[in-house]
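A short write-up of the structure that comes next.
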Amino acid sequence: MTEPVAVDQAMAAGQPAVLAEISEGNLRRDAWLLLRGKPEFLISATLILVLLFIAAFPGLVASLFGHGDPRVCDLASSGLGPRAGHPFGFDLQGCDLYANVIYGARPSISIGLLATSTSFVVSAVLGILAGYHGGFVDAAVSRLMDVFFGFPFILGGIIILTAFPHRTVWTIAFVLALFSWPTGTRLMRSSALALRDADYVLAARALGASSPRVMIRHVFPNAVAPLLVLSTLAVGGIIAAEASLTFLGVGLRLPAISWGLQLSVAQGYLRQYPHMLFFPALFLSLTVLAFILLGDALRDAFDPKLR
Amino acid sequence: MGRNVRAGGLGLVVLIVAASAAGASIASRAGGAVPAGAAARTAAHAGGTVSIYELEPDHLTPQRTTAAYDQAHALFTPLLNLNAKNQIVKGMAQSVTSSRAGRVWTIKIKSGWKFQNGEPVTSRSFVDAWNATAYGPNAWATNGELANVAGYAALNPKNTKDKPTAKTLSGLKIINKTTWRVTLTKPDSQFPLELTGGQLGFYPLPKVAFKNPDAYDLAPIGNGPFQMLGQWKHNQLISVKRWSGYKGPQPHVDRIDFKIYSDAHTAYNDVLAGNLDIAFLSNDELAKAGSDFPGRVRAYNAPEIDIMSYPLYDDRFKDKRLREAISMAIDRGAISKALFGGLLTPAGSWVPASVQGGRPKLCGELCTFNPTKAKQLLAAAGGWKGTMNIWYPTGFGFEPLFQAIGNQLRQNLGIDVAYPSPGGFGPYFQALYDHKVDGPFRAHWGAFYPSMQNTLQALYTPTGDGNFGTFYSNPQVTNLILKGNASATLAKATSFYQQAENLIKDDFPTAPLFYAKYVYVYSKHIKHVTIDVNQVELTDLQVQ
């Protein structure tokens, strides 16, 4: 956390203009202190760290039980349940289900993070521009947002993804970001709008700071917290959306390994091979839950009204 | 036009198979109620209603449809039929005789039969219907079935914008009320088989069908055991009831509801729940059917075959050894056991084994799993560079099969695979027409009549309806098939067809995968479910 330092420096410099930011800085330090002691934060953060590790080094984790290659398959083992060396059993193709579930973490988490960070950047830039500048820029951005709000999220994803003949992690992240930026932008816009006439912003402008400088140095740091919380919450939603789209056949495609694909195969064999559905579903739910819990904890910490 | 017909034909066949699956083995395992058609027919009429899963058809008029087979069999009686042993039995026909070495055929029908509106069924009912079917601008789906009748070319100009120079087939000549003569362009020893129930283009139509074809299409009047009960309710229901005026064997049930579903899995679950009586199965349901419906699975060895074809226009697939290596790297038995509940029989020939003259062991070691030999052949062919794309239409339950094949190619030949399918049948066929397919691809042929001729001619001659599923041509093969068609006897014809198939084996343009089957499951509510070349034998069905 670098903000408290910045605030200290600002205090040392004795600029009255940033006094309003001091409380903001304290808010962040308070938030951190509050978070550290919260079990829901600790659990979700640990879970996310583990999942990130899995996504980064799937081979290492997959080989824990001695059969780490998700692409070594023997049809003779098709649908067999959990057993020694194969803690999750086998999938329909006779591949080790544990290795497949572990390898499935990477595309899901990559898409979640990619789509959310893309939409975070877009939201931050457009939201500040619209909120701070107002006028024509605001009108243009707002109308564009209205257009995208008009599309139901999943339906829009299906329509656009169908047009992509070769769907990869990148294209899916792009499409999901395309439909998730307006919410963040609206939030950022309203924050920027509220800060536009804050004392310290007016002071900075009075001192001759340029618009970009004011936006980057003064508006952004103070308006970003809600967006950060929203984005963290959104990661879970994006991961679930990716699995849904893949399940519906418009997301990732074979021979990719993904939870959505695994669920899509497993649903047809629920009565015969329930474990094929259970394990990917468990990992998917845990991942979504972890990001939502983290977002929740962040929101509680950053929103003084909820304290 | 030609293209539409072809697409329709292959698509249809696929749907049928998706819809259904092997009679002998299953029925005997199920034990008990294997209905002998004759025995069932002598039983007293018992009544009741049976419901059957159908897809929304394109048309109900037999000559116009690529989907409404069950409905056509309910509403109409064809000239000839096939029994459970694929032997020809009489329907409307009294006799079908040939002269001039199979070029001229004289057909005589039984007298006294009527359509359900009272109109007598005469030679004109057939000749008018055939002329309308053959008339190109009508664009009726079964148009191609009449292509060998003399005069067909005059009704179907090469350029579809040109006007045909005739309205009727010169090869059809009415002799009297019950007799007419058919002259063919080329001799065809298999003609009687073509007149059996699967070829809807040879069905009769009453006069009312030509007055207002679109109204007729919603509630066809036929000469069959059932008549329409109300109109076709699009995407919901087509109901038929027993017709007491029918001259053939009376059905047992009073009513059949063809319930229309858009999703095969919903229909499957509805049979499981008792809301539906009969459903055909898609490939991805075969593995679980046995445990979900103990003793209530019926499968029929259809004259159909699943093959893996190669883009022969692509230089990388020119080497026969590569094509053989891929074939030998596929463990068909393990796939059938794991994915199809053992219901599909690994194919060992290019013509379905269930037809007369079919030889299930012809392919021999080239269709037998042998990873060592496969690797050697691949090395001898110069190996494979890069990713191999495997193509199939998505969304019809073929995914597990081709994923399994891909896994085996990767593990046994070290080839990385991808599945770049462009979508369902429409885009998939388009990619084939456009030669965009650049790797092994799924092909399937279902014969509407159990003769070697049908499969060979369609897939392995350059003008065949299914040639875009193989891209194969060999003048010697074509020649042998023509010789078979011109043979005086079925046995002689078969020997020529077999010689043609031998040459195909030597060229190895495609890898046979499975003999397809029609597989059905049914509810506890009904009995005497017979599945044969006509799919469900509607007149055999009985309510428990």
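Every chain is numbered from 1 and lettered A, B, ... according to where its sequence line falls, protein lines coming before strand lines.
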**Asked** For A/Arg271, is it the side chain, the backbone, both, or neither that has a heavy atom closer than 4.5 Å to a heavy atom of chain B?
**Response** side chain

**Message:** Between B/Pro400, B/Ala287, B/Ala418, who has the most heavy-atom pairs with chain A when the cutoff is under 4.5 Å?
**Reply:**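 Among B/Pro400, B/Ala287, B/Ala418, the one with the most close pairs to chain A is B/Pro400.
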
**Prompt:** With chain A, which of B/Ala334, B/Pro427, B/Gly397 has the greatest number of heavy-atom pairs at distances under 4.5 Å?
**Reply:** B/Ala334

Inspect the surroundings of [atom1] in [X] and state if more than 12 heavy atoms from other residues, nucleotides or ligands are less than 6.0 Å away.
X: A/Phe174; atom1: CZ; value: no
X: B/Lys337; atom1: NZ; value: no
X: B/Tyr313; atom1: OH; value: yes

**Asked** About how many Å separate CD of A/Gln93 and CD1 of B/Ile405, when rounded to the nearest 0.5 Å?
**Response**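 Here the rounded value is 10.0 Å.
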
**Prompt:** Looking at CD of B/Glu399 and CZ of A/Arg253, how far apart are the two atoms once the value is rounded to the nearest 0.5 Å?
**Reply:**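 Rounded to the nearest 0.5 Å, the CD-CZ separation comes to 9.5 Å.
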
**Sidechain-backbone polar pair: B/Gln411 side chain, A/Cys73 backbone, donor-acceptor under 3.5 Å** = yes

Mind listing the closest non-hydrogen atom pair of [X] and [Y] along with its distance?
X: B/Arg410; Y: A/Arg71; result: NH2-O, 2.8 Å
X: B/Ser291; Y: A/Gln272; result: OG-NE2, 3.4 Å
X: A/Pro255; Y: B/Tyr419; result: N-CD1, 3.7 Å
X: B/Asn407; Y: A/Cys95; result: ND2-SG, 4.2 Å

Would you mind reporting whether [Y] and [X] have side-chain heavy atoms less than 4.5 Å apart?
X: B/Phe402; Y: A/Leu254; value: no
X: A/Leu261; Y: B/Gln403; value: no
X: B/Asp331; Y: A/Leu75; value: no

**Request:** Side chain from CB out, backbone as N, CA, C, O: work out which of these in B/Ile390 comes under 4.5 Å of a heavy atom of chain A, or both, or neither.
**Result:**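 Neither part, no heavy atoms under 4.5 Å.
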
**Prompt:** Given a strict heavy-atom distance threshold of 4.5 Å, which part of B/Asp416 is in contact with chain A: side chain, backbone, both, or neither?
**Reply:** neither

